[in-house]
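Please read the structure below before turning to the comments.
Keep in mind that what you see is a predicted model, and the values were worked out from it rather than measured.
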Amino acid sequence: KADEDWNNFSPAVTLAWDLSDDVNVYARYAEGWKSGGFNGEAGSPESFQRAYDPEEVASYELGLKSRWLDDRLQLNAAAFQNKVDDMQLSIFLADGSAASVVDNAGKATVQGVELELVAVPVENLQLNFNYGYLDAEYDEYIDAGVDVANDRDVAYAPENTASAGIQYTVPGVLCGNLTARLDWTYTDDRVVYTEPLQNLHSQLDAYSLLNGRLTLADIPLGNGSMKVAAWGKNLLDEDYRMSTIPFIIWTVSYYGAPRTYGMDLSYEF
């Protein structure tokens, strides 16, 4: 019978300084923890009873939160670094089955920057933009007693991500408010597995999506109000892979949803 106990104390501290009523800078240190466990898909009783260790993270962050131009412009920015110890990874067995097990890789550093911009240039018009840069690498990856950090990939860590949106509201349409919105998102290329050979045909290419929504809200009806919305996702009908399963001589690919349309109807009272 396998039996393990884990416990952890994860403190956090934030220092913030208001440079003005509209500008705040901060520094934050926080520790995080993910419990250890056992593998339900282990290939042998011995492996099933062998636990993987907890994952611990020490996080450092510097940031800015600000509003400008009489609250017509909001700018937030942050730079972060996460030091991960006993990083838990899902390892695909590649033994002819679709099974994966969790194992501890060792140490890793995940760092990057995030930028958020929201603007209201004229009344009823809102623009937003977000950007993220990510740099993730192993500092140590012990496999069979050997450090193979330089020969392993970091999964699901796109270097660049971005999104942008535009929204315009026309008040007084059919006794309600008509809002039109377009959203664009971008995700950089990335890999799915830690083993480079498994990623040979499992590299996920960069993709971007365009979504739209038209909403007529605040329509008086009885003692409440009605909202009607028509929406479309992946309007350009982009083909993009979300994940894969690599077997010895072939690869299964999972694709994102194609162009999709729909309508929502709700009533608030």
Side-chain angles (χ1 to χ4, degrees), residues 32 34 41 52 55 57 59-61 77-94 97-117 128-143 147-165 183-211 233-260:
K34 185 190 295 184
E41 295 182 355
Y52 53 87
E55 176 182 295
V57 180
S59 175
Y60 307 84
E61 182 177 345
F80 65 90
Q81 182 183 78
N82 297 335
K83 305 293 288 189
V84 187
D85 193 20
D86 285 326
M87 188 177 193
Q88 294 177 3
L89 294 176
S90 179
I91 308 298
F92 183 64
L93 298 179
S97 66
S100 299
V101 297
V102 176
D103 201 359
N104 298 100
K107 303 179 185 297
T109 298
V110 181
Q111 56 191 0
V113 295
E114 296 176 343
L115 176 68
E116 178 186 24
L117 189 67
N128 67 274
F129 174 76
N130 294 270
Y131 171 74
Y133 171 79
L134 187 66
D135 175 33
E137 60 181 22
Y138 299 114
D139 301 317
E140 179 184 83
Y141 193 131
I142 304 301
D143 187 4
D147 187 355
V148 294
N150 294 329
D151 300 319
R152 294 292 186 271
D153 296 331
V154 181
Y156 292 107
E159 186 175 42
N160 298 283
T161 55
S163 65
D183 286 292
W184 168 85
T185 60
Y186 170 82
T187 302
D188 220 344
D189 58 278
R190 62 231 180 273
V191 297
V192 183
Y193 300 98
T194 60
E195 285 281 352
L197 286 178
Q198 293 177 357
N199 290 319
L200 189 61
H201 299 293
S202 294
Q203 172 91 20
L204 302 182
D205 294 332
Y207 69 93
S208 59
L209 297 177
L210 184 66
N211 302 323
K233 298 180 179 180
N234 191 7
L235 293 176
L236 301 181
D237 205 19
E238 179 86 7
D239 290 328
Y240 62 102
R241 293 197 298 178
M242 297 294 293
S243 185
T244 67
I245 300 179
F247 293 100
I248 297 174
I249 58 175
W250 53 285
T251 298
V252 174
S253 295
Y254 296 90
Y255 283 81
R259 183 189 294 123
T260 307

Verdict with supporting geometry, Thr244 and His201, side chain to side chain contact (heavy atoms under 4.5 Å, CB included): CA-CA 9 Å; Thr244 67; His201 299 293; over 6 Å; no
Say you draw a straight line from [atom1] of [X] to [atom2] of [Y]; how long is it, rounded to the nearest 0.5 Å?
X	Y	atom1	atom2	value
Gln88	Asn104	CD	CG	6.0 Å
Asn234	Thr260	CG	OG1	7.0 Å
Asn211	Leu235	CG	CG	6.0 Å
Lys83	Thr109	NZ	OG1	3.0 Å
Leu89	Arg152	CG	CZ	10.5 Å
Leu236	Leu210	CG	CG	5.0 Å

Look at the side chain of Asp188 and the backbone N and O of Asn160, then say whether any donor-acceptor pair between them is shorter than 3.5 Å. yes
Answer whether the closest heavy-atom distance between the side chains of Asp153 and Thr194 falls below 4.5 Å.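 Of all side-chain heavy-atom pairs linking Thr194 with Asp153, none is under 4.5 Å.
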Heavy atoms only: give me the nearest [X]-[Y] pair and the separation to one decimal.
X	Y	result
Gly165	Asp183	CA-OD1, 3.8 Å
Asp147	Ala149	OD1-N, 3.1 Å
Ala155	Val192	CB-O, 3.1 Å
Ser163	Thr185	CB-CG2, 4.0 Å
Asn82	Ser59	OD1-OG, 2.9 Å
Val113	Phe80	N-CE2, 3.9 Å

Between Tyr133 and Asp135, does the side chain to side chain donor-acceptor pair (under 3.5 Å) criterion hold? Intermediate values first, please. CA-CA 7 Å; Tyr133 171 79; Asp135 175 33; 4.9 Å; no
Which residues share a ring pair (Phe, Tyr, Trp, His ring centres under 6.0 Å) with Tyr240, sequence neighbours left out: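 Only Tyr207 meet the ring pair (Phe, Tyr, Trp, His ring centres under 6.0 Å) criterion with Tyr240.
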With sequence neighbours excluded, residues passing ring pair (Phe, Tyr, Trp, His ring centres under 6.0 Å) with Tyr60: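 So Tyr60 forms a ring pair (Phe, Tyr, Trp, His ring centres under 6.0 Å) with Tyr29.
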Any chance you could lay out the side chain to side chain contact (heavy atoms under 4.5 Å, CB included) test for Val191 and Gln203, step after step, and finish with the verdict? CA-CA 5 Å; Val191 297; Gln203 172 91 20; 3.4 Å; yes
Using 30° and 60° as the class boundaries, would you call the ring planes of Tyr141 and Tyr138 parallel, tilted or perpendicular? perpendicular
Donor-acceptor contacts under 3.5 Å from residues 245-257 side chains, at least two apart:
residue, atom, partner, partner atom, Å
Ser253, OG, Arg241, NH1, 2.9

Is the number of heavy atoms from other residues, nucleotides or ligands within 6.0 Å of NZ (Lys233) greater than 12? no
